[in-house]
Amino acid sequence: MSTLQQIVAALPGYNAENLPVEVAKAAIRALITPVAEHETLALDDALERVLAADICSPIDVPGHDNSAMDGWALRGADLGNKEARLTEIGTALAGHPFTGSVGPGQCVRIMTGAAIPDGADTVVMQESVRVDGKTITIPVGVQPGQNVRRAGEDLKRGSVALAKGTPLHPAALGLIGSLGITRVSVYRTIRVAFFSTGDELHSGSDGEQTLGTGEIYDSNRHTIRAMLQRLGCATIDLGVVRDDPAELEAAFRRAAEQADMVITSGGVAAGDRDFTRSITAMLGEVLFWKIAMRPGRPLAVGRIGTLDEKSHKAAWLFALPGNPVAAMVAFQQFVRGALLALMGRRDVELPLVPVRAAHAMDKKAGRTEYQRGILERTNAEWTVRLTGPQGSGILRSMAEANCIIVLPPERDRIEAGELVGVMLFEGLV
Ligand code: AMP
Ligand code: MG
């Protein structure tokens with residue numbers, strides 16, 4: 001079996017010391033495959049889960065030829081190069097078909113969605129006919145076959161309605177429901193354990209505890225948990241772990257034992273008291289990257305195990321930088337995709353939407369910058385502006401934002417009015 005290092009080293013442009021964002025994303029895609037286990041759920045319990053098998057349609061959709069319009073159903077053969085005068089012999093409504101047959105010179109009043117009666121093959125819309133009691137006059141120019149939705153036109157019986165790997169958004173649930181299917185096979189929920197590292201960190205205590213000099217409250221555990229919940233992961237909060245090798249090793253082992261993925265924050269840069277590198281090297285194989293991005297340059301990705309000979313449990317590890325904005329950006333750009341891949345999703349990329357910059361934006365060339373933006377309507381057009389100071393420790397810049405502005409590595413400045421790519425925080429339901 002190849003090591004993680006062998007897999008990623010084969011990627012074009014791979015350089016752990018200065019890794020382009022796109023290569024880092026490709027490396028993660030190359031490493032991670034979906035979990036093996038599936039489960040079967042009731043359709044309405046499966047929101048945001050991922051299909052573990054194709055959904056094949058057990059029926060034709062629509063199930064029968066039906067009318068696309070309110071009008072009259074008739075025989076195309078009755079249409080010619082002069083007006084046709086037909087006799088209305090009945091009515092077809094959605095759910096109440098006309099049970100007779102339409103003969104030459106006859107027609108049936110029909111509503112949208114109603115089954116096309118036997119004998120008829122064409123619907124003329126009501127706006128274009130003349131009605132005189134039961135005598136319906138059809139103008140010239142109506143085409144045979146017009147305004148009929150064919151059985152199986154949307155979906156043929158037996159064909160794939162939704163492919164394995166599709167996320168179950170509301171429309172997908174509706175589509176599956178429309179096929180009469182009430183249970184679905186989905187990938188199992190992903191379990192993620194997370195902890196924060198740093199001697200300076202405290203969990204909040206509603207003002208009862210005062211912070212010593214240089215001490216701060218832990219924010220990363222809140223953002224990381226919340227982002228995991230939004231992705232539908234089961235979360236295991238392992239708290240704050242001191243910058244102490246023995247405590248850290250115990251925390252990594254405990255986390256790897258319980259989870260599919262372990263996420264830590266802090267202690268991933270090459271500082272004096274940062275032990276992540278030596279400990280994870282003992283527990284598995286972890287790649288330490290310097291990514292050509294800001295914020296979020298240091299990132300460690302790998303596999304760690306409990307080294308328990310019997311269970312052989314192992315988990316993916318993502319060690320994020322400690323700065324709160326950097327931790328969030330690294331999660332959004334790399335961990336999100338990794339989790340979706342584990343969940344079985346095939347579409348793991350976030351759309352990048354072009355929007356005009358409301359003002360000039362400066363950056364350094366040679367790295368991708370993820371700036372925090374407010375996308376808003378200014379007069380007729382949507383434009384994006386920065387939230388204010390962009391330091392990687394300023395969580396407020398993130399809390400006020402409604403999007404991330406992605407500024408590409410080749411640029412060193414964006415002028416007002418230029419198009420920039422944004423990733424939106426909110427999506428449609
Ligand atoms: P580190 O990556 O451990 O060097 O931390 C970088 C910066 O992020 C330091 O200023 C830390 O105090 C801060 N930091 C690390 N972890 C957290 C956390 N969980 N919550 C808030 N700030 C943090
Ligand atoms: Mg630290």
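Here, residue 1 is the first one in the sequence, and each next residue gets the next number. Atoms within a ligand are numbered from 1 in the order they appear, just like the ligands themselves.
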Point to revise | Set of side-chain contact (heavy atoms from CB on, under 4.5 Å) partners for Ile394, sequence neighbours left out | key: Pro389, Arg396, Ser397
Practice item. State which residues pass ring pair (Phe, Tyr, Trp, His ring centres under 6.0 Å) with Phe98; sequence neighbours excluded, sorted by chain then number. Key: none
Review point. Which protein residues have a heavy atom closer than 4.0 Å to any atom of ligand 1, listed by chain and number?
Key: Ser196, Glu200, Leu201, Ile216, Tyr217, Asp218, Ser219, Asn220, Ser265, Gly266, Gly267, Gly322, Asn323, Pro324
Check your understanding: Just checking, is any N or O donor in the side chain of Arg385 or Thr378 under 3.5 Å from an acceptor N or O on the other one?
Key -> no
Practice item. Determine whether the aromatic ring centres of His202 and Tyr217 lie less than 6.0 Å apart. Key: no
Revision key, fill the gap. Across all chains, not counting sequence neighbours, the side-chain contact (heavy atoms from CB on, under 4.5 Å) partners of Thr122 are Leu74, Leu79, Val142, Pro144, Gln146
Review point. Can you tell me how far the CZ atom of Arg346 sits from the OG1 atom of Thr166, to the nearest 0.5 Å?
Key: 5.5 Å
